[in-house]
Visitor: 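Structure below; questions to follow.
We name chains A, B, ... by the order of the sequence lines, and we start the count at 1 in each one.
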Amino acid sequence: MTAQTVRPLVTTRPTPTGDPVLRVRDLAVGLDEPDAREPIVAGVSFEVRAGRSVGLVGESGSGKTLTALAVAGLLPSAVRVDGGRVEVAGRDLTGLDPRAARAHLSATVGVVFQNPTASLNPRMRIAAQLREALPAGTSRREARARVAELVRAVGIPDVHKTLGAFPHELSGGLNQRVVIAMALAREPAVLIADEPTTALDVSVQAQVLDLVDELRERLHLGVLLVSHDIGVIADRTDDVHVMSAGRIVESGPTGEVLRDPAHEYTRTLLAATPSRLEPVRVAPREDPTPVPQLRVEGLRRAFTVRGGTGRARHVALDGVDLTVARGQAIGLVGESGSGKTTLARIVVGLERPDSGVVSYQGTPLTGHDRAQRRRWRQEVQYIFQDPYSSLDPRLTVAQTLREPLEIARRDLSRRAVAARVDSLLDEVELPRSFRDRHPAELSGGQRQRVGIARALATEPSLIIADEPVSALDLSVQARILQLLGRLRRERNLTYLFISHDLAVVRYLCEDLVVLRGGQIVEQGRTAEVLARPTSPYTRALVEAIPGRSHHTDRDAP
Amino acid sequence: GGGETPQVGDVLRLGLSRQITGVNPHKGGSPDSSGSIVGSIYESLTQIGPDLTVQPSLATAWTSTDPLHWRFTIRTDSTFSDGSPLTADDVVWNFQQLLDPDYKGTAGAPLRRYLTSVTKVDDSTLSFTLSQPALDLPGRLWSIYIAQPAFAQSHNLDNEALGSGPYKLDTLDQENGATLSLNPHYAGPKPQFAQVRYTVLASEAQRVAALRAGEQDLILNLDPLDLAQFRDSDTYDTVLGVGNQPLTLAINERRTGTPLADPRVRQALNYATDKDTIIKSLLQGAVTPLPGQVIYDPFQQPDPAVSAYPYDPEKAKQLLAEAGHADGLTLTVLLSSGTYVSQDAATQAIAAQWAKVGVTLKIEQQPFPAWLQSQYGPDDQAADFYYIMWGGAFRGDVTGNFGPFRSDHIQSHLDAPEFDALTTRAQNATTEAEKTDLVNQAVQNAHDEAHAIFLYPSPFTGVVSKGLQWTPKPNRYLYAQGVGRVQP
Amino acid sequence: MSASELTQERAGPPPRRPHVPRPPVSLRYVGGRLLTGLIAVWGAVTLVFFALYATGNPAILLVPPDAPPDEIARLTRLMGFDRPLPEQYGTFLHSVLTGSFPDSIRYGEDPLPIALEKIPASLALGVSGLVIGTLLGGVVGYVSATSRSTFLSRVPLGVAVGLESIPTFFVGIVLVIVFAVQLGWFPVTSTGDAASLVLPAFTLAFAFVPTVARVFRTALLDVLQAEHLRTARAKGLPRHTLVWRHVVANSLGTTLNVVGIQAGVLLGGAVVTESVFGWPGLGQLSINAVQNRDYPLVIVCVLVIAVGFVLINLVVDVLAAIVEPRLRS
Amino acid sequence: MTLLQTDDADAVRAAEPDRPARPRRTIGIGGWVGAALLAVVVLTALAGPLTSGDPLAQDFEAILRPPSAAHLFGTDELGRDVLVRVVFGGRTALAITLVSAVVASALGLSLALLGALYGGWVDALAGRLADVQLAVPSIVLAIVVLSFVGNSFVPIVAVLVLGSWVLTFRVIRGHARAVVRAQYVEAARVAGAGRFGVARRHLVPSVLPLLAVAFTINASSALLLESSLGYLGLGVQPPQPDWGQMVASGQAQIFTAPWIALFPGLAVVVTAVGLQLLGDGLAERFVGGPAVKRGLAQ
Ligand SMILES: Nc1ncnc2c1ncn2[C@@H]1O[C@H](COP(=O)(O)OP(=O)(O)OP(=O)(O)O)[C@@H](O)[C@H]1O
Ligand SMILES: Nc1ncnc2c1ncn2[C@@H]1O[C@H](COP(=O)(O)OP(=O)(O)OP(=O)(O)O)[C@@H](O)[C@H]1O
Ligand SMILES: [Mg+2]
Ligand SMILES: [Mg+2]
Ligand code: NI
């Protein structure tokens with residue numbers, strides 16, 4: 001957290017630390033259907049004490065959100081509580097009529113969700129939304145003072161401007177602070193935060209989590225923190241409950257559970273954390289040609305952005321020089337908006353620079369003749385971040401994989417193309433039977449494999465990957481990273497690998513380039529840069545890696 | 001719903017069947033709209049009676065001193081609705097305007113053909129000088145309405161009115177109707193209704209619905225078939241009679257290579273048309289077929305020597321064969337959408353009848369303006385036939401009766417030199433006897449040459465509230481002053 | 001601000017009013033839209049101009065049947081239709097710029113005031129149709145989106161969608177037969193007063209109902225699933241606040257937008273409605289002008305309608321921006 | 001307008017990675033009912049002439065007869081069989097509707113695709129054209145044009161096309177713009193695909209379902225507009241039977257012989273309902289439910 005002073009809230013209810021403020025026993029949640037099959041969540045029990053933080057971790061779809069929603073009484077209409085009891089701030093909700101339960105819950109439980117901007121009413125100003133959240137009967141004058149106070153309490157710098165704004169006019173981080181302020185408005189005893197930072201930039205993530213920690217301590221809140229990110233759990237919670245397939249499979253103090261996971265599932269989960277993977281290292285082969293494979297000089301690109309104040313030029317890349325040698329793997333990191341994607345898109349020709357030169361194997365792209373251009377098109381391929389939108393939903397896997405072959409390899413017979421498709425599927429470890437599936441029938445990880453296979457189709461030598469794993473579940477992410485590592489070893493590929501996660505980069509790349517505000521602020525061997533970041537920005541990035549405390553715990557016993 | 005007893009309120013409610021095209025007294029107007037209103041607000045020198053005879057109005061008497069000179073005696077008591085007197089000078093001024101070739105009022109166009117000047121002799125006498133004889137001059141003047149000069153020069157006569165007629169114009173909405181109230185200075189007999197509202201009901205369906213809802217007191221121009229539903233009504237009487245103008249198929253004889261240039265073909269088609277069936281079924285037997293000429297009893301004096309072409313398909317076939325069309329013909333007729341009662345049904349019936357003698361009649365329909373444009377257009381682009389109603393406005397109206405069937409009429413595509421010569425001479429005749437003789441010759445010629453497909457007189461229809469006293473005027477002008485209450 | 005508020009303001013800590021009033025839509029945006037609209041109006045009017053002037057001579061309609069043949073030429077000259085088309089177009093553009101049009105043929109005077117005079121009647125019909133349609137459509141949409149009963153959630157919407165398939169004139173005919181002729185509640189012939197407004201207004205409204213119901217329903221369903229609604233529920237707000245402030249209000253923007261796009265289609269229905277009922281508005285005036293070949297009046301009607309359209313679209317856009325802050329940037 | 005765009009992400013989001021693939025959507029009962037209604041109308045119009053009589057055949061012996069076994073829909077003022085005329089009127093109405101919907105869809109589609117692929121002034125020009133079109137209600141343009149240019153088949157179709165191409169254009173353009181910017185298109189470009197390849201492989205196939213929906217909406221609005229024109233006397237001219245015009249001519253007898261106007265009116269309604277239901281069904285099946293249909297609704 002930065003140096004912002006957080007003023008204490010005027011009225012804080014002193015709940016003695018240690019008293020349980022939330023008790024859940026044998027909670028079961030199921031579909032609200034007459035012939036509902038198995039419950040989605042069953043037998044979930046845990047306890048949150050005032051001033052303590054409890055983590056709920058597990059894979060996507062394991063029932064974390066439903067559990068949180070059930071506790072907060074906010075289940076969607078299709079789902080209902082099937083059994084168990086929930087006790088909040090000393091009051092048992094079982095058997096209470098829905099109205100009374102709602103009233104009690106809204107007075108004692110604050111909730112924060114994953115997507116801050118969507119959590120706010122788009123057509124109400126922040127002030128109005130905050131005022132609404134205050135306990136009924138607050139006078140206008142009191143309300144105005146309280147609202148300002150709340151906003152300051154969550155560390156929003158420009159109170160006046162923020163209160164007059166609509167959610168879409170604020171950044172995600174600010175919006176999440178507003179949501180937290182709103183959750184605190186009725187002075188709850190419990191704060192339920194469901195992946196409160198997943199949608200935010202890494203550096204912002206840390207600030208928001210710091211804020212939650214601080215408020216917990218100061219207000220003696222009991223916090224239930226839901227996350228699939230082991231790092232976050234490790235850093236921020238006292239106790240943890242691991243969920244799998246709707247059940248809690250392991251519980252205990254966070255440190256203990258992570259150090260010594262008892263349950264098989266917890267172990268898999270931990271193993272998938274990128275910082276735990278053994279880095280891929282490839283002995284650099286001697287490049288016969290001294291010409292670098294890719295060279296970028298003085299790249300500049302600005303965008304015209306239309307905002308409330310009219311048009312403005314936003315400089316995305318500001319004089320970037322970069323050389324990529326054959327067989328090298330360079331990690332490109334930087335905060336959101338630093339220009340990583342823009343750089344990558346320029347290199348593959350999806351975007352034109354305003355000035356500067358991109359040379360492929362010594363020749364500037366603009367000077368390429370037909371054959372060179374063809375070669376460049378075949379040898380440089382791109383892997384997109386979003387496995388959902390980078391596949392045409394109408395095409396089958398085989399059709400998608402055939403497309404680059406049909407364009408680049410007109411010489412191939414139909415049969416040869418089919419064989420290529422099969423071998424590509426083998427290569428990315430997908431069953432051949434997936435040929436005729438549509439993207440809708442694939443999981444995210446499977447789709448990303450198809451995306452990788454498509455990039456491999458033309459036998460490229462340089463792969464540019466723009467956050468290829470950040471949209472994926474942790475365990476899936478690990479498998480895809482391993483696949484990329486293996487491909488690199490086997491095919492001697494050159495990588496330009498973009499990520500905002502230093503742990504991922506450390507796993508895959510020996511070299512690191514740090515971009516900020518469109519300029520390269522640091523570059524060098526990954527290990528060195530991480531160990532001794534020279535620029536303050538890189539240092540901040542390194543510190544923002546979640547789970548560092550847990551690593552230090554572990555790494556220096 | 002049907003009301004129980006005949007009810008007519010204080011306001012007389014008259015339905016018009018076309019939009020009003022302004023109330024300019026110098027522009028003429030359709031009887032179904034502007035003409036009826038103008039005739040209630042303005043006066044002219046003469047007027048037309050229900051039997052189409054010419055009657056005095058502003059003029060009380062007239063004499064012809066020689067074929068080219070006339071004297072009209074006018075009333076001196078007539079007063080405009082603002083109280084100013086209508087003088088001989090005012091009448092002269094109106095005629096001078098109309099004779100001016102740059103004047104916008106279109107009613108002057110026919111005048112300029114034969115009228116040289118109008119001058120004032122004294123306060124009650126006007127002198128007319130003609131360029132060619134016109135025995136029927138008094139009749140021709142019925143539609144020349146007299147506006148007040150000062151008002152006419154300072155106001156837009158299309159939209160505002162100041163006349164000497166029985167009513168004055170209160171409000172005018174050209175799209176929807178007009179309201180009239182009594183002219184307090186009117187010199188003639190006071191009409192029975194102090195207030196009159198004319199409502200435009202442009203579609204047949206609107207007229208029927210308005211009558212059924214009891215919203216109108218008098219509506220003309222319904223399809224004869226639609227009258228039946230009011231025949232047994234408690235509130236309404238129906239009128240089904242003979243109108244003053246004939247319906248014919250006007251022929252294009254001048255299209256290059258047209259078979260219709262051959263009189264035998266034209267005759268054949270007259271024989272092939274079964275007028276009686278159409279009249280019986282579509283026109284509810286209201287009329288009898290035209291007597292082989294475009295003038296008929298009781299409004300005009302038909303030539304007794306000429307009678308209708310009988311329905312004789314065999315004869316028709318024979319004539320067609322003689323003309324070299326034994327294996328059939330294809331011709332087109334152009335209708336104007338929604339203009340004439342029963343026209344669609346009638347032309348389809350004719351087409352069906354002609355089909356029996358091997359003639360295919362293709363029916364095309366166009367909105368009125370396009371239809372008119374086609375008639376004004378070149379011969380080769382005009383249709384073979386136009387279903388049309390036109391004719392004279394008063395008894396003995398040579399120009400009106402026969403003008404449209406002359407070759408030199410602006411809408412005509414005929415080639416009838418003999419007919420032209422005969423009617424010209426009839427127009428210029430200086431005695432009634434000479435005129436009658438020439439008219440009969442012309443009628444005979446048009447019949448023999450079959451310069452038209454003679455159909456039947458237009459039916460005259462109306463639905464009248466039982467509470468009203470009204471003498472039907474077959475020329476369809478619906479003047480407010482002509483309507484009174486039934487005296488209990 | 002009341003007096004007590006002012007004193008409080010002075011007494012208490014001064015948290016300034018958080019609301020920064022900003023214009024919901026920038027002038028620049030409005031200007032841009034107007035410019036586009038002007039181009040559109042120019043295009044439409046030009047199209048109509050050539051459709052008219054290239055296809056005929058209105059003088060023939062004025063010629064009495066017994067006139068001599070040269071009468072057409074005389075009138076054509078008098079009305080200026082004998083001049084070459086480009087020249088007439090130039091004159092026409094000039095008249096648009098100066099606002100003084102050639103006289104209407106039927107009215108014998110400047111057609112612009114004639115057309116403008118009809119606007120209140122058209123507006124009365126349009127607005128009442130819109131209001132009735134929006135209310136009915138809103139209720140149908142709301143019921144079908146929120147009702148738990150299968151009947152209520154399907155049948156009204158189904159009926160509304162059925163209405164969409166009935167041509168305006170047919171609706172008009174049925175309403176006239178039932179309510180004017182058989183029941184006699186309303187007049188058959190429009191006099192321009194309130195009683196004769198009812199049937200045309202409902203006829204027009206029926207064209208709006210399905211669209212509004214449909215759009216509003218989907219917008220509601222979207223909002224009902226929105227995450228911010230969960231936040232609002234967590235606040236423990238009373239039901240009516242939840243419904244109006246968070247659900248309905250958030251559905252208005254979308255609804256308004258679609259209705260705005262459709263304004264053209266819907267108000268086109270007004271032309272037919274006016275002509276079926278003889279309602280004395282701009283639509284009826286234009287149809288009659290067309291039928292009478294009153295060229296100057298036709299063009300002015302098209303011009304007025306087109307300008308009206310541009311303005312309506314603009315108003316809808318501005319309204320949408322007001323209820324939907326996200327559209328503002 | 002954002003509403004008119006469908007983002008593929010929407011469709012994709014429906015299928016979360018670990019959840020089962022979305023159930024195959026169908027056009028639903030409504031869609032099938034619509035299709036069935038249309039099939040009946042179209043088949044009658046096609047086959048009617050083979051089995052029934054002459055729509056112009058008059059029978060003065062049987063004028064204004066109410067519906068009976070001999071004349072299922074009764075007879076009109078010329079003794080013509082109303083059923084036969086409704087069947088033949090359907091030929092006119094459907095022919096005009098279909099041709100204009102096809103032309104409008106083709107026009108809207110090609111302008112939208114050109115705009116999306118080439119961007120720049122092509123797109124801007126097409127957008128302006130659409131704006132011009134939207135500035136005047138199509139019925140007003142139709143009335144002006146038809147009453148001056150004349151009302152035969154070609155002008156009527158032209159006017160209907162003028163009134164409805166914008167819908168297709170806007171819908172397709174919104175979608176096509178999204179697709180052109182979609183990552184899978186970028187992926188194709190990285191793989192070396194040119195404009196034509198992108199259009200053939202990604203754009204056109206993705207636009208087809210939307211086109212089908214837009215087509216049914218165009219057709220139903222064209223049908224309604226065509227019948228309105230017929231009713232105003234600006235459509236197909238008698239004696240050629242046409243639904244709108246039959247309603248207009250039968251309206252005067254509606255109190256005494258309601259069948260003359262009623263049956264052609266119902267024919268319009270049934271056909272339009274069929275098109276609407278089918279359109280809804282198609283939208284549900286291909287485009288992601290009413291959320292998109294609302295943007296398309298005409
Ligand atoms: N509204 C709903 N209707 C039906 N099923 C639901 C609903 N919401 C969630 N589910 C199902 O319940 C299961 C648990 O979902 P939940 O959202 O709690 O998972 P999660 O652990 O929060 O996952 P993630 O990490 O992806 O957020 C999933 O299989 C999901 O498909
Ligand atoms: N097409 C565009 N139009 C306008 N601005 C753009 C465009 N593409 C990128 N930008 C702006 O350029 C800047 C750099 O964007 P870029 O996507 O390269 O960042 P990034 O480092 O990839 O961020 P992230 O980690 O969020 O993906 C950002 O401020 C972004 O808003
Ligand atoms: Mg979740
Ligand atoms: Mg990026
Ligand atoms: Ni870790």
Visitor: Has Phe101(C) got more than 12 heavy atoms of other residues, nucleotides or ligands less than 6.0 Å from its CZ?
Guide: yes

Visitor: So His155(B) and Phe151(B), would you call those rings parallel, tilted or perpendicular, with 30° and 60° as cut-offs?
Guide: parallel

Visitor: Counting only heavy atoms closer than 4.5 Å, note whether Ile72(C) contacts chain B via side chain, backbone, both or neither.
Guide: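 It is the side chain, since no backbone atom gets that close.
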
Visitor: If you count the non-hydrogen atoms of other residues, nucleotides and ligands that lie under 6.0 Å from CD in Glu117(C), is the total more than 12?
Guide: no

Visitor: Do Arg212(B) and Gln229(B) have side-chain N/O donor and acceptor atoms under 3.5 Å apart?
Guide: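 Yes - a donor-acceptor pair under 3.5 Å links their side chains.
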
Visitor: Please state whether the side chain, the backbone, both or neither of Glu215(B) comes within less than 4.5 Å of a heavy atom of chain C.
Guide: side chain

Visitor: Which atoms of Leu172(B) are under 4.5 Å from chain C, going by heavy atoms: the side chain, the backbone, both sets, or neither?
Guide: neither

Visitor: Is the backbone of Ala393(B) close enough, under 3.5 Å, to the side chain of Asp397(B) for a donor and an acceptor to pair up by distance?
Guide: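 Judged by distance alone, yes, a pair lies under 3.5 Å.
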
Visitor: For the residue pair Gln174(B) and Asn159(B), confirm or rule out a side-chain donor-acceptor distance under 3.5 Å.
Guide: yes

Visitor: Which one wins on heavy-atom pair count under 4.5 Å against chain C: Ala209(B), Gly377(B), Gly22(B), Ala107(B)?
Guide: Ala209(B)

Visitor: Which region of Ile105(C), side chain (C-beta onward) or backbone (N, CA, C, O), has a non-hydrogen atom less than 4.5 Å from a non-hydrogen atom of chain B, or is it both or neither?
Guide: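 For Ile105(C), the backbone is the part near chain B, not the side chain.
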
Visitor: In terms of side-chain geometry, is the basic nitrogen of Asp170(B) or Arg197(B) positioned less than 4.0 Å from the acidic oxygen of its partner?
Guide: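 Result for this pair is no, no salt bridge flagged.
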
Visitor: Give, as side chain, backbone, both or neither, the part of Ser104(C) having an atom under 4.5 angstrom from any heavy atom of chain B.
Guide: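 Contact with chain B involves no heavy atom of Ser104(C) at all.
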
Visitor: May I ask you to name which of Val176(C), Asp103(C), Leu285(C) has the most heavy-atom pairs under 4.5 Å with chain B?
Guide: Leu285(C)

Visitor: Between Thr199(B), Asp102(B), Val23(B), which shows the greatest number of heavy-atom pairs under 4.5 Å with chain C?
Guide: Asp102(B)

Visitor: Heavy-atom pairs under 4.5 Å with chain C - which of Gln411(B), Lys104(B), Arg112(B) has more of them than the others?
Guide: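 Of the candidates given, the most pairs with chain C belong to Arg112(B).
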
Visitor: Would you mind telling me which of Ala202(B), Gly400(B), Ala210(B), Pro404(B) has the largest number of heavy-atom pairs within less than 4.5 Å of chain C?
Guide: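 Most pairs with chain C among the choices: Ala210(B).
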
